[in-house]
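Structure, as structure tokens:
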Amino acid sequence: MGAVRTPLSTKLEPFGTTIFSEMTRLALAHGAINLAQGFPDFDGPPEIIEAAVEALRGGDNQYARSQGHPRLVRALSKRYEDLYGLHFDAMTEIGVFSGCTEAIASAMLGMLNPGDEVILFEPYYDSYPVCVTMAGAKARFCTLRAPDFAFEPAAFEALITPRTRLVLLNTPHNPTGKVFTRDELLAFGEICARHDLLVIADEVYEHLTYDEHVHVPLASIPGLKDRTLTLSSAGKTFSLTGWKIGWSAGPAPMVAAAQAAHQFVTFATATPLQVGVAAALERLDPDFYVRLRAEYTERRRTLVDTLRDTGFRVRAPQGTYFVLCEFGDLFTGDDRAFTRHLVEHIGIAAIPPSVFYGDSDDGRRLVRFAFCKRPETLAEAARRLEKLRPAGGGAAS
Ligand code: GLN
């Protein structure tokens with residue numbers, strides 16, 4: 001009997017374990033408050049949960065239609081019309097996936113050829129470059145620079161080559177909290193149209209925008225609707241991240257390309273949970289979204305104030321449920337060392353953002369905290385962070 005060869009593919013080997021699993025494991029091991037992985041520590045609306053329970057008890061327990069439960073795709077079509085005046089045919093221009101993360105993977109696998117290039121904006125959600133690699137393509141990175149993380153047309157256009165096939169843009173943006181403006185998206189759309197690029201829009205935080213900032217869907221920008229596959233999900237909006245219900249909306253050929261992969265990845269998504277989300281879209285009144293924004297505005301204020309009082313350099317995010325801030329006045333190491341110190345000695349888990357960068361090392365001086373947490377959790381986090389305040393002005397290391 002000989003040794004067994006290494007099973008992990010060389011494609012996946014460089015990516016290791018996702019930071020979200022790693023930090024949640026450390027949070028549990030150290031009894032730390034988990035402000036790392038972005039999931040609410042409160043439950044979703046009871047009426048949605050009840051609708052899923054009814055579906056489970058009512059026999060909705062076999063495979064759903066692979067492209068999505070008819071009731072859910074109809075509810076989604078109506079939602080895009082009502083919210084943004086965007087028309088997507090329920091049966092041909094909408095698809096349902098097991099979370100937006102599966103939608104991203106299926107869209108990349110369904111649309112990319114080996115050797116293609118894909119432009120990603122960094123910092124990025126960690127699955128993007130992995131999916132590009134799994135699809136046999138190559139990622140190129142356009143760095144969004146602090147403090148504004150603005151779209152820079154010239155820097156973006158300089159990355160485009162004859163091999164560039166696809167670009168992915170996320171707005172509201174994780175982890176920076178940036179909400180791209182209509183003017184930025186107009187400039188982006190003009191370049192994408194001129195170079196005939198396909199676009200994936202990750203809009204999972206679309207309902208989480210603050211103050212005067214509004215979400216502008218990429219599909220509402222001239223030149224983009226015909227080339228954009230919009231992705232979103234129920235997880236963030238309905239505080240049901242464990243349900244893993246995501247969707248795509250876009251031109252029928254792009255929806256079909258993602259579906260071509262999806263049918264062989266998961267085939268279909270959990271039937272009763274699709275019914276639950278359909279019920280949510282059908283029944284929740286518009287006030288739900290107003291309340292959601294008000295509650296998150298309050299959580300954002302609490303965490304931003306806490307971080308500012310502790311000594312972080314903070315700007316309030318325009319959207320999402322994350323704060324990205326600088327810790328240099330409090331600690332002298334890099335972001336990995338700082339998040340290790342936080343989880344082991346302060347009892348707070350956070351994300352070291354260098355994992356969200358491919359080219360730039362901007363992430364080394366930054367840290368990401370999530371505020372999708374109950375007031376008591378954020379209050380306890382504030383108490384723990386007091387220990388981090390520099391006593392005599394010196395930074396720990
Ligand atoms: N999107 C969430 C975040 O950025 C986590 C997703 C995950 O855990 N895979 O925190």
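Along the sequence shown, residues are numbered consecutively beginning with 1. Every number for a ligand or one of its atoms is a count from 1 in the order of the listing. Keep in mind it's a predicted model, so treat the numbers as computed, not measured. Quick note: numbers below take in every heavy atom, side chains included, and nothing from hydrogens, waters or symmetry partners.
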Apply the test ring pair (Phe, Tyr, Trp, His ring centres under 6.0 Å) to residues Phe156 and Phe188: give CA-CA distance (whole Å), side-chain angles for both, the deciding distance (0.1 Å), then the verdict.
CA-CA 8 Å; Phe156 171 60; Phe188 172 75; 5.3 Å; yes
Can you say whether the rings of Phe88 and Tyr80 are parallel (under 30°), tilted (30 to 60°) or perpendicular (over 60°)?
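The rings of Phe88 and Tyr80 stand perpendicular, inter-plane angle above 60°.
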Does any part of the side chain of Val314, heavy atoms only, come nearer than 4.5 Å to the side chain of Leu303, both counted from C-beta?
no
Do Ile351 and Thr339 make a side-chain contact, defined as non-hydrogen atoms from C-beta onward lying under 4.5 Å apart?
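Ile351 does not reach Thr339 side chain to side chain.
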Is Arg299 positioned over the aromatic face of Phe371, cation under 6.0 angstrom from the ring centre and no more than 45 degrees off axis?
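Judged by the rule, Arg299 and Phe371 form no cation-pi pair.
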Among residues two or more places apart or on two chains, list those pairs meeting side-chain hydrogen bond (donor to acceptor under 3.5 Å, both in side chains) that have a residue in residues 193-205.
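Residue pairs with at least one partner in residues 193-205: Tyr128-Asp202, Glu157-Arg194, Glu157-His195, Glu190-Arg194, Asp196-Arg227, Glu203-His215.
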Tell me which residues fall inside the under-4.0 Å heavy-atom shell around ligand 1.
Phe20, Gln37, Gly38, Tyr125, Asn174, Tyr205, Lys236, Phe322, Arg368
